[in-house]
Amino acid sequence: ITVNGQIIKKADCKIDENADKIVCQNTPVTYRKYAYYMLNKPAGVVSATIDNTADTVISLLNGVTDKDLFPVGRLDKDTTGLLLITNDGELSHRLLSPRKHVDKQYLVGLRSPLAPDHIAQLEEGVDIGDDSKTLPAKVEVLSELQIILTIHEGRFHQVKRMLKAVDNEVLSLQRISFGPLTLDPTLNEGQFRELTAEEIKLL
Ligand code: URA
């Protein structure tokens, strides 16, 4: 191991991670403070770091050695799709802040077709039993039983409760985008990849 070209044998060698050049067996070692992963969450795992009863999203990151990773927000156990996993607490805080209104898009499988009036209600905001109505959402009808719902908040079970409020039921739920990130179509459920430099910049 060399630091700025000098072979180092002392374990207590102090380095400046931004300035010093570290090489280990001829391979440069670069420093990064935070790690960012996109996971295509499968159903059946929980959005937590530890759980006594089910696999967690963190346990799916095989081969990853970064410390202190956690999911940014939660998807229900039966929800699939885009989940950001990081150890950057400040970014997570920013993305989850209710004041920031980060867009989230969900592909929703419905129990029954949505009437025009129900679409209008979802787009205006519905009473889901909280202190205030949901913020206006966007509904794109893909077929009789499939919509894309775009919301700007992240309340508990929000999509399921919104559809319940218009006498419907969510039969399947997949998150397809989160802020500027879009679910990578090459990731099968359970697969993950690091965010690109471009995606990190967008966040
Ligand atoms: N809304 C829900 O109801 N569940 C999720 O997992 C995400 C959004």
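All values below were derived from every heavy atom in this structure, side-chain atoms included, with hydrogens, water molecules and symmetry-related copies excluded. Each ligand, and each atom within it, is numbered from 1 in the order the structure gives.
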Compute the shortest N/O to N/O distance between [X] and ligand 1 and return yes if it is under 3.5 Å, no if not.
X	answer
K160	yes
R161	no
L75	no

SB check [X] [Y] (cutoff 4.0 Å):
X	Y	value
E199	R193	yes
K160	D78	yes
R32	D66	yes

Worksheet item: How long is the gap from NE2 on H157 to CG on D76, to the nearest 0.5 Å?
Response: 5.0 Å
Worksheet item: Against heavy atoms of T79, which atoms of ligand 1 measure under 4.0 Å?
Response: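 Matching atoms, with element in brackets: 4 (N), 5 (C), 6 (O).
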Worksheet, complete the sentence: Note: ligand 1 atoms sitting under 4.0 Å from heavy atoms of Y106 are 7 (C), 8 (C)
Worksheet entry | Donor-acceptor pair between N18 and Y31 side chains, under 3.5 angstrom |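 The criterion, which ignores hydrogens and geometry beyond distance, is not satisfied for Y31 and N18.
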Worksheet item: Is it the case that R175 places NZ or CZ above or below the six-membered ring of F178, under 6.0 angstrom from the centre and within 45 degrees of the axis?
Response: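 Here R175 passes the 6.0 Å and 45° test against F178.
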Practice prompt. Can you establish whether the number of heavy atoms outside H93 located under 6.0 Å from its atom NE2 is more than 12?
Written response: no
Fill in: Heavy-atom nearest neighbour in the protein, as seen from atom 1 (N) of ligand 1, with distance rounded to 0.1 Å
V159 N, 3.0 Å
Practice prompt. Could you tell me the residue and atom name of the protein heavy atom closest to atom 4 (N) of ligand 1, and the distance to it rounded to 0.1 Å?
Written response: D76 OD2, 2.7 Å
Item to complete: Would you please determine whether F156 falls within less than 4.0 Å of ligand 1 on a heavy-atom basis?
Response: no
Worksheet item: Quick one: does ligand 1 sit under 4.0 Å from the side chain of L173, the backbone, both or neither, non-hydrogen atoms only?
Response: side chain
